[in-house]
Colleague: 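Dropping the structure in here first, questions after.
What you see is a predicted model, and the numbers here were worked out from it, not measured in a lab.
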Amino acid sequence: MAATIKDIAKQTGLGLATISKYLNGGNVRPANKAAIEEAMRALDYRVNETARSLKTRRTGYIGLLFPALNNRFMMDIINEMQYELRCHGLGSALCCIPSGSPEARRRLEVESVDFLLQKGVDGVINMPLNEDGSHLAPLLEQHIPITLIDKQIPDLAGKVSAVIVDNISAARMATDELINAGHHRILGLFLEKQNYTARRRCEGFCDALKERNIFAEEYRVLYHDMTSDELFQREVEATIRDMKPTAVFATTSSLTRVAVKALDALQLKIPNDVSVIGFDGAGVSEGGGLSLHSVMQPTREIGRQAANMMALQINAVSHGKMIQPRVCTLSPWLAVGSSVQDI
């Protein structure tokens, strides 16, 4: 027969109220906590999560709402986040938005929020596609904690937490590396203009060039409209033929792969013909022994910080308290490879 809370009370000598408080997430004295946990192990006691969720109106699950998992950056974040959430006794329900047009993906994000609400998640960690934050309104109306990943939404400042990377500094760091190697004719590749992260990286790229008296006629900015990598690759090839850059800065892992393919199609060698700096460790040439300079993001720390922020908020809500949302900004670094040549 399965052990019950009464068996734990008999084993520990503690009252049912104290044991119940602990099992429902309340604070008890350290000595009592240790005694209860030891009794649970000895008796092989299993918490009835269904019964507890009916009583507390909490499911113990966090919704993870992300774009399509098509790169290592997002996978590493999610892996770390799920591990850290489990350490806090929280599960996760992962919703991914498949590839498609920007409009379709943003619509699916709205639908995914509704789906997670129906499943009764206690909080949502979101790498948002809808940058006006409108998709999060139903969560805010029900006072469900939200933590954003990778992007901030100005209209929601002070209402949601966020874990972001200093994208302006990331782009400046890479651009300075190229300028210091003598490059002025630099092609910068960015995601769509509507993308918060792309705008910040473009800002850092352009600012670094202007501060070194390199003006618009020397460098070029291309935005990917997110419809087709193949079409964008052809646009990159045409721009390289016309502009003849000495360097390319690709600001995501997918754009790094596009840049490498475009240069290969044009039979241009890295770094002899064109130097390259990429993102997130992508774009290593296969079989050639070439590793790209790459801006690296602290993916594990992003996942860890987001999970810990959410756990703190969930714990506060369970005790009838509110924690002021906060923003955690993390620093990237440059991994030096063999893809930048002095000129």
Side-chain angles (χ1 to χ4, degrees), residues 1-66 75-95 116-126 139 142-147 149 160-161 163 298-326 328 330:
M1 181 180 295
T4 68
I5 189 173
K6 292 182 179 179
D7 296 321
I8 296 175
K10 183 178 180 180
Q11 178 111 344
T12 61
L14 297 172
L16 293 175
T18 299
I19 298 168
S20 178
K21 182 179 180 181
Y22 170 78
L23 293 177
N24 287 306
N27 292 320
V28 299
R29 293 177 181 176
N32 291 343
K33 176 184 176 182
I36 293 169
E37 291 177 348
E38 176 59 33
M40 289 173 66
R41 285 191 292 270
L43 296 168
D44 195 25
Y45 177 82
R46 295 289 183 269
V47 177
N48 187 329
E49 296 289 352
T50 301
R52 183 164 71 177
S53 67
L54 289 172
K55 182 177 180 180
T56 64
R57 297 186 180 180
R58 291 178 54 204
T59 61
Y61 277 84
I62 306 303
L64 308 182
L65 181 51
F66 277 69
M75 291 299 297
D76 285 351
I77 289 174
I78 289 171
N79 285 342
E80 188 67 23
M81 194 182 300
Q82 289 183 318
Y83 171 78
E84 199 70 25
L85 287 171
R86 287 197 300 273
C87 290
H88 289 285
L90 296 167
S92 58
L94 178 60
C95 275
L116 291 171
L117 271 173
Q118 292 171 19
K119 296 303 178 182
V121 294
D122 297 330
V124 171
I125 300 175
N126 177 212
L139 298 169
Q142 297 190 33
H143 305 290
I144 293 175
I146 299 166
T147 296
I149 293 285
V160 303
S161 293
V163 181
T299 51
R300 294 186 64 183
E301 187 63 17
I302 293 171
R304 187 179 301 116
Q305 289 285 347
N308 287 333
M309 279 185 180
M310 181 56 64
L312 284 172
Q313 291 178 89
I314 295 298
N315 186 58
V317 169
S318 70
H319 291 87
K321 302 176 182 177
M322 292 294 293
I323 291 181
Q324 182 67 26
R326 66 185 185 94
C328 174
L330 303 174

Colleague: State, to 0.1 Å, how close Y45 and T4 come at their nearest heavy-atom pair, and which atoms those are.
Modeller: CE1-C, 3.8 Å

Colleague: Of all residues at least two apart in sequence or in a different chain, which pass the salt bridge (charged side-chain N to carboxylate O under 4.0 Å, His left out) check with R86?
Modeller: none

Colleague: Any idea which heavy atoms bring V124 and M310 closest together, and the distance?
Modeller: O-CE, 3.4 Å

Colleague: Could you tell me whether a side-chain N or O of S161 sits under 3.5 Å from a main-chain N or O of P325, the two making a donor and an acceptor?
Modeller: no

Colleague: Output the distance between atom CE (M40) and atom CD1 (I5), rounded to the nearest 0.5 Å.
Modeller: 10.0 Å

Colleague: State whether the number of non-hydrogen atoms from other residues, nucleotides or ligands found under 6.0 Å of R304 atom CZ is greater than 12.
Modeller: yes

Colleague: Any heavy-atom pair between the side chains of N308 and E84 that's under 4.5 Å?
Modeller: yes

Colleague: What are the two closest heavy atoms between P145 and V317, and how far apart are they?
Modeller: CG-CG2, 4.1 Å

Colleague: Any donor-acceptor pair under 3.5 Å linking the side chain of T59 with the backbone of G120?
Modeller: yes

Colleague: Sort out for me which residue in L116, L117, I314 forms a side chain to side chain contact (heavy atoms under 4.5 Å, CB included) with I144.
Modeller: L117

Colleague: Okay, side chain of D76, backbone of R300: is any donor-acceptor separation there less than 3.5 Å?
Modeller: no

Colleague: Search all heavy atoms of A306 against all heavy atoms of I125 and return the closest pair with its distance.
Modeller: O-CD1, 4.0 Å

Colleague: What's the spacing between I77 CD1 and I302 CD1 if we round to 0.5 Å?
Modeller: 4.0 Å

Colleague: Shortest non-hydrogen contact from V121 to I62?
Modeller: CG1-C, 4.3 Å

Colleague: Can you name the closest pair of heavy atoms from G91 and L85 and give their distance?
Modeller: O-CD1, 4.5 Å

Colleague: Roughly how far apart are M81 CE and N79 CG, rounded to 0.5 Å?
Modeller: 10.0 Å

Colleague: Evaluate the side-chain proximity of Q313 to T147: yes if any heavy-atom separation is below 4.5 Å, no if none is.
Modeller: yes

Colleague: Supply the atom-to-atom distance K6 NZ to K10 NZ, rounded to the nearest 0.5 angstrom.
Modeller: 12.0 Å

Colleague: If you round to the nearest 0.5 Å, how far is CG of L43 from CG of D7?
Modeller: 6.0 Å

Colleague: Nearest 0.5 angstrom please: R29 CZ to L14 CG, how far?
Modeller: 10.0 Å

Colleague: Contact between F66 and I78 at the side-chain level, heavy atoms closer than 4.5 Å - yes or no?
Modeller: yes

Colleague: Would you check if T12 and T18 make a side-chain contact, meaning some heavy-atom pair closer than 4.5 Å?
Modeller: no

